[in-house]
There are 2 protein chains.
Amino acid sequence: MVAATLKDVAELAGVSVKTVSNVVNGYAFVKPENRRRVEEALAATGYRPNVGARNLRRGRTGFLALVLPELSIPYFGELAGLVINAGHDQEWNVLIEQTLGTREGERATLGALGPHMVDGAIVSPEALHANDFEELSGGVPMVMLGEHAVDVPVDRVGIDNVRAAEVAVRHLVAIGRTRIAAIGQHPTRGTAALRLAGYRSALTEAGLPVREELIAPALNYHRRDGATAMADLLALPEPPDAVFCFNDLLAIGALRAAAERGVRVPGDVAIVGFDNNEESAYSLPSLTTIAPDKRAIARAAVDLLRRRVSGEEGLAPQQVHVPFALEIRESTS
Amino acid sequence: MVAATLKDVAELAGVSVKTVSNVVNGYAFVKPENRRRVEEALAATGYRPNVGARNLRRGRTGFLALVLPELSIPYFGELAGLVINAGHDQEWNVLIEQTLGTREGERATLGALGPHMVDGAIVSPEALHANDFEELSGGVPMVMLGEHAVDVPVDRVGIDNVRAAEVAVRHLVAIGRTRIAAIGQHPTRGTAALRLAGYRSALTEAGLPVREELIAPALNYHRRDGATAMADLLALPEPPDAVFCFNDLLAIGALRAAAERGVRVPGDVAIVGFDNNEESAYSLPSLTTIAPDKRAIARAAVDLLRRRVSGEEGLAPQQVHVPFALEIRESTS
DNA sequence: CAACGTTGTGCCAACGATGTAAAAGTGGTT
DNA sequence: AACCACTTTTACATCGTTGGCACAACGTTG
């Protein structure tokens with residue numbers, strides 16, 4: 001079956017192409033008789049507008065890019081689902097591109113995003129430099145996910161990472177831990193610096209010393225890296241009695257490293273994660289974690305983009321903070 | 001910055017639009033001098049083809065739909081990432097649509113897929129009826145993921161579910177278990193019936209009785225459902241000493257239910273999953289599971305679609321089986 | 001030098017939809 | 001009957017691209 005076009009419908013209904021177009025687009029002045037005939041013809045042919053042609057004419061693409069490291073990372077899988085839904089609410093189809101979290105990947109993806117490809121992009125950068133942005137944005141409106149040390153004049157959506165980290169560490173302090181470690185230090189990742197800042201400030205606020213040997217780096221934020229870092233921490237002469245991990249995957253890895261060494265959680269070491277992946281409610285023990293309102297992130301990002309795209313040029317770059325909560329589970333109680 | 005068009009480039013290079021188009025599309029016969037001038041102009045303007053216009057002319061959309069229940073389900077998140085990559089290899093952008101695994105969701109999504117929207121669709125159905133397909137496909141070439149009881153004349157890609165289930169259960173037999181349960185029975189899900197068949201045949205083959213009370217249903221295949229089902233099994237007068245779960249999420253839930261009741265895994269109960277989600281290598285204990293070659297699934301699906309789209313009409317519907325492996329981990333050793 | 005094949009370029013139409021503006025239809029008032 | 005105001009419909013151009021085709025430029029050959 002070949003797809004029906006406006007022309008086919010028009011011939012069937014005995015009116016002009018434009019009249020059919022008018023009916024399809026809800027133009028007011030169409031004689032009831034004609035409207036009926038057109039609607040019948042529409043139904044009979046099973047007409048569906050050719051989105052490409054329509055957008056060519058309208059100068060929009062109807063697509064929105066979601067640029068993220070990898071869909072297989074639970075946080076991004078969950079977020080992507082929500083962005084797709086939020087996009088649909090604004091008549092946008094969402095195109096997902098993966099960067100693997102590398103700078104080259106991110107540069108390549110942004111560069112490939114022609115101005116004609118998408119109306120806008122929601123980008124979750126991990127390694128991008130500030131000037132990559134100007135160079136590659138190509139006039140495509142963008143919203144960045146997550147806070148970042150890098151200062152780019154672009155809309156951003158995320159939670160307050162410093163405060164969230166403080167909340168997490170304060171919780172560990174509140175349950176009586178004093179040697180609190182951190183896993184996830186990273187040379188370039190923007191959020192790492194912020195979460196570390198929150199970690200430090202919460203310790204200081206509680207009158208606890210910040211011990212550099214308790215701050216473990218992680219090159220990637222996968223389970224494997226959490227396990228490695230935790231193994232190092234547990235091998236210290238004076239191991240920590242609590243660990244704040246900069247995301248849930250690191251925490252899951254840390255759980256395993258602890259279990260493999262017979263270290264009990266939360267008995268010997270309490271663990272807090274960050275992101276509230278679905279899996280973290282079912283780990284053994286289940287994971288206390290910072291739970292960002294992902295639905296709010298998705299909605300806010302799409303919303304900001306809609307505002308940019310519909311041409312509110314003068315608008316200054318916004319930074320939107322969405323709520324988060326501390327989800328207390330077995331790993332700290 | 002307004003996007004450059006072929007016309008802009010042509011004016012700058014002092015040639016016709018068509019010549020620029022020829023250069024862009026790698027047409028052989030262009031005078032070297034002109035080619036150079038055009039290429040300079042292309043670089044200078046930062047030209048990127050308007051994909052919409054190109055596809056309008058060419059009669060393709062350049063998009064491929066991936067229809068799945070939910071991106072937040074690890075299996076589908078992982079698979080989606082691979083399909084995106086496989087699609088890129090064939091110059092396709094991948095559009096992801098979520099159905100929530102309900103029949104209405106699936107019908108709505110397929111119905112919305114106009115013939116102009118995408119060149120083809122890769123569909124992972126859970127509840128679709130056979131005739132929904134014919135009604136809704138609208139002439140869009142489709143590939144179905146997963147085997148199904150439903151008989152539709154459509155290309156399919158998946159692993160041999162019956163054999164895979166047999167392999168899983170044989171493994172449990174091999175480690176000496178005799179009261180082997182199954183979690184995941186489902187009234188309509190195609191794969192459930194096949195895995196159950198494999199379960200039964202492996203038991204019979206080993207000379208073990210098939211006990212109906214050890215076959216636990218699961219309405220959804222989420223962690224929660226696995227926990228519920230496991231709780232029921234453990235409450236039996238004679239609880240099982242092994243459980244074959246129809247996916248990893250069910251198995252993760254089962255692990256938790258066991259732990260909460262002080263039942264040791266694999267000591268008291270061995271557990272096998274299905275799908276090999278990344279998280280399953282890090283659960284406590286880590287999960288023995290059937291590992292389908294997801295990369296092969298993605299590649300085969302995109303490949304079949306390419307063949308259909310490039311018009312090999314006569315081709316009979318194919319059923320492609322990709323390899324799988326039994327990944328043996330702590331939950332059974 | 002005429003005829004020819006080979007290269008290289010440009011003009012035009014078309015993909016399907018919509019904006020513009022002019023044309024056609026309607027009804028009522030003078 | 002002529003005019004006006006309003007509603008409804010249509011023809012046409014256009015979005016950016018590429019295919020078809022005509023034609024120009026060129027070197028070769030008989």
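So you know, we letter chains A, B, ... as the sequences are listed, proteins then strands, and number each from 1. Because only heavy atoms are used, hydrogens play no part in the values below, and waters and symmetry mates are left out as well, while side chains stay in.
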Hey, is the side chain of B:Arg57 pairing donor to acceptor with the base of D:dT17 inside 3.5 Å?
-> no
Of all the choices, C:dT18, D:dT18, D:dT9, which nucleotide is nearest to the side chain of A:Tyr27 once you look at every atom?
-> D:dT9
In whole Å, I'd like the distance from the [atom1] atom of [X] to the [atom2] atom of [N].
{"X": "A:Glu33", "N": "C:dT26", "atom1": "CD", "atom2": "P", "value": "13 Å"}
{"X": "B:Phe29", "N": "C:dT7", "atom1": "CZ", "atom2": "C1'", "value": "7 Å"}
{"X": "A:Arg60", "N": "D:dG16", "atom1": "CZ", "atom2": "P", "value": "16 Å"}
{"X": "B:Leu56", "N": "C:dA14", "atom1": "CG", "atom2": "C1'", "value": "9 Å"}
{"X": "A:Met117", "N": "D:dT17", "atom1": "CE", "atom2": "P", "value": "14 Å"}
{"X": "B:Lys31", "N": "D:dC26", "atom1": "NZ", "atom2": "C1'", "value": "10 Å"}
{"X": "A:Leu6", "N": "C:dG19", "atom1": "CG", "atom2": "C1'", "value": "14 Å"}
{"X": "A:Asn34", "N": "D:dT10", "atom1": "CG", "atom2": "C1'", "value": "12 Å"}

Looking across every strand, which nucleic acid part, if any, lies under 4.0 Å from A:Tyr47 by heavy atom: base, sugar-phosphate, or nothing?
->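 Touches sugar-phosphate only.
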Within the structure shown, what part of the strands sits under 4.0 Å from B:Asn55 by heavy-atom distance: base, sugar-phosphate, or nothing?
->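 No contact.
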Among A:Gln318, A:Arg307, A:Arg308, which residue meets the side chain to side chain donor-acceptor pair (under 3.5 Å) test with A:Asp155?
-> A:Arg308
Any side-chain heavy-atom pair from [X] and [Y] closer than 4.5 angstrom?
{"X": "A:Asn50", "Y": "A:Thr5", "value": "no"}
{"X": "B:Met142", "Y": "B:Leu110", "value": "yes"}
{"X": "B:Pro74", "Y": "B:Glu278", "value": "no"}

Quick one: is D:dG16 close enough that its OP1 or OP2 comes under 4.0 Å of any side-chain N or O from B:Arg54?
-> no
Taking for B:Ala28 and for B:Arg58 the nucleotide of DNA chain C with the nearest heavy atom, the one nearer the 5' end belongs to B:Ala28
Got a sec, which residues hit salt bridge (Lys or Arg N to Asp or Glu O under 4.0 Å) with B:Arg60, two or more places apart in sequence or on another chain?
-> B:Asp119
For B:Glu97 against A:Asn93, the heavy-atom pair lying closest together =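 B:Glu97 and A:Asn93 have their closest heavy atoms at OE2-ND2, 3.1 Å.
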For A:Lys294 and A:Leu79, work out which heavy atoms get closest and say how close.
-> O-CD1, 4.0 Å
Check each residue of residues 7-24 of chain A for a non-hydrogen atom within less than 4.0 Å of any atom in DNA chain C, then write out the ones that pass by number, or none.
->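 Here the set is A:Val17, A:Lys18, A:Ser21.
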